[in-house]
Every structure is written in C-alpha cells, then in structure tokens.
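Here's the structure we're looking at; comments come further down.
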Amino acid sequence: MVEESNTGASLNIHSRKNELARKVIVPLDYSNACDAETLLTALSGIPCYMKVGMELFYAEGPRFVLSLKERGYKVFLDLKMHDIPNTVKGGAASITRLGVDMFNVHAAGGIRMMEAAREGIDQALAASSATRPLLIAVTQLTSTSQAVMNQEIGISGSVEEAVVRYAKAAKQAGLDGVVASPHEVRLVKSCLTASFLTVTPGIRPAGTDVGDQSRVMTPREALAVGTDYMVIGRPITAHPNPRQAIENLIEELI
Ligand code: C5P
C-alpha cells in the first residue's frame, strides 16, 4: 500500500515535471546544426519546446526545422517577421508548411500585417495537413529599456503602455498571444483575456547573470504571474551541464 501510494506520488511528480517542462522554451542559439544537436542530446527526453531563431535558421535553413519535427519536437520558429503584409503572408504560409508549432511577427508591423500572417497560415492549411501553429506578436523586446524606447526608437510613454497597445493590436488581428517581459504578463492578461498567451523571455534563475536583458524575473516569479511559456536561454545553454540546469530549474518550480 505504501509502495503503491509512493508509486502514485512519483508518477504525479513526474507528470508535473513534464507539465512544467512543456512551458519552457529552450533557444537553439547556435551557428550550426552540430552544436544544436549537442544540446538536443543533452536535453533528450525533456519535453520542452525548442526555439530556432535567426542564427540557426539562416545557417541551416528549413531542413533543420523539418528534422526537429520529424523527431517529434515542439518547435517555435522565432524569425520575428516585419515586412509589408503581402510578404509576411507568403512567409507565414511557408513557415506553416514546415509544420512548426509556434512562430512570430513584430506587432510594430501593424494590424494589417499581422492579419496577413494569419491569412498566410490559412492559405497553407487549406492545401496541407499541417497543424495550425500558434501565431505570436513580439511587443517590446525585453532587452529594451524605457530610455532606449523613448530616445532611440522614438516611442513615447512607458514600456507597459507600448506593450498593452501592441497586445491589443495583436488580439484585434486575431493572433494567439504576445512575446513580452514577465513584468507585463498580469497587465496584458488583465487588459485582454487570461487565455491570451504570453511568451516571456528575460527569465533568470536567482543568482544567474542578467546579461543583455533589462526586464527580468526568476522562473518561479514568472510562473506566479501567469506566464504561459518561458524562454530560458543562457541559464541553460551556457551552463556547463545544461540537463542539470533545466532539471534544477524545474525542480525549483514544483
Ligand atoms: O535567456 P536568454 O536571454 O539567453 O534568451 C535569449 C533568447 O530569447 C534569444 O533566443 C532571443 O532571441 C530570445 N528573446 C526573444 N524576445 C525577447 C528577448 C529575447 O525572443 N524579447
């Protein structure tokens, strides 16, 4: 009986750990597939999302993304598209045909551009059996401070105001959610709906280097404010033992 309940308890812990791992997005920020494969091997069996960004995609192209999907990984293609609507529509259709689970566009491209991305998804899905990817808008990069936003980019007001404005535009365009700082999750969800997804980079476990990020939170804090997905890069990828780093992080979240 004791054994049985122990087994039940450990199964519960195992499924809770997997549930938490599914909220973690690990960026494969490498210049070649070989280095990315080393990280994939280190993290094998952990059901986190893998994020392919510009560095790896521009080096290895769609073939690498397709190989991740063939192996059953959840893939976030982080190319942050920002162009005229017609070009974004075509780009979104091509991305959808790769079968990725999530991709993004810049909200700064405007509502029409974001709608065009959705149209691109619809167009691709009409002619293929790919699953519908989540479409996420980048609001204000977490590396941007208010001073930079006001003085260099030329957007007045607070970062929070800009993020809410972008999030409302993304919602109006029919997107699934936004990339934002964990500091803005509550605000975004309260101004829109709780189900509007938030993907939050700028996550730093206590005691780790903040690096070039400006608006950071620990994983525990980010979870407490209701973030849906946490992008956690260098605290895992630059750790001497990435598997240990992600396992410790998940352990702390239980
Ligand atoms: O945790 P770390 O700072 O290393 O994560 C960096 C990753 O998060 C990079 O892949 C970067 O492109 C991504 N990122 C993002 N949006 C932001 C900030 C970072 O997608 N606003």
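Quantities reported herein were computed from a predicted structural model and do not represent experimental measurements. Only heavy atoms go into these numbers, but all of them, side chains included; no hydrogens, no water, no symmetry mates. Note that ligands are numbered from 1 as they come in the structure, with each ligand's atoms numbered from 1 the same way.
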Any idea which of Leu28, Leu56, Asp29, Ile203 brings a heavy atom closest to atom 9 (C) of ligand 1? Asp29
Distance under 4.0 Å to a non-hydrogen atom of Val231: what atoms of ligand 1 satisfy this? 8 (O)
Does an N or O anywhere in Val179 fall below 3.5 Å from an N or O of ligand 1? no
Residues, nucleotides or ligands: over 12 heavy atoms within 6.0 Å of Asn18 CG: yes
As an exercise, identify every atom of ligand 1 less than 4.0 angstrom from a heavy atom of Arg234. 1 (O), 2 (P), 3 (O), 4 (O)
Give the numbers and elements of all ligand 1 atoms closer than 4.0 Å to a heavy atom of Asp78. 12 (O), 20 (O)
Is ligand 1 less than 4.0 angstrom away from at least one heavy atom of Met54? no
Neighbour count above 12 (heavy atom, 6.0 Å) for Arg71 CZ: yes
NZ/Lys74: more than 12 non-hydrogen atoms of other groups inside 6.0 Å: no
Using a strict cut-off of less than 4.0 Å between a Lys/Arg side-chain nitrogen and an Asp/Glu carboxylate oxygen, indicate whether Glu19 and Arg16 qualify as a salt bridge. yes
Determine, stepwise, if the pair Val105 / His82 fulfils side-chain contact (heavy atoms from CB on, under 4.5 Å). CA-CA 6 Å; Val105 295; His82 188 172; over 6 Å; no
Return yes when Gln140 approaches ligand 1 closer than 4.0 angstrom through a heavy atom, no otherwise. no
SB check Asp122 Arg132 (cutoff 4.0 Å): yes
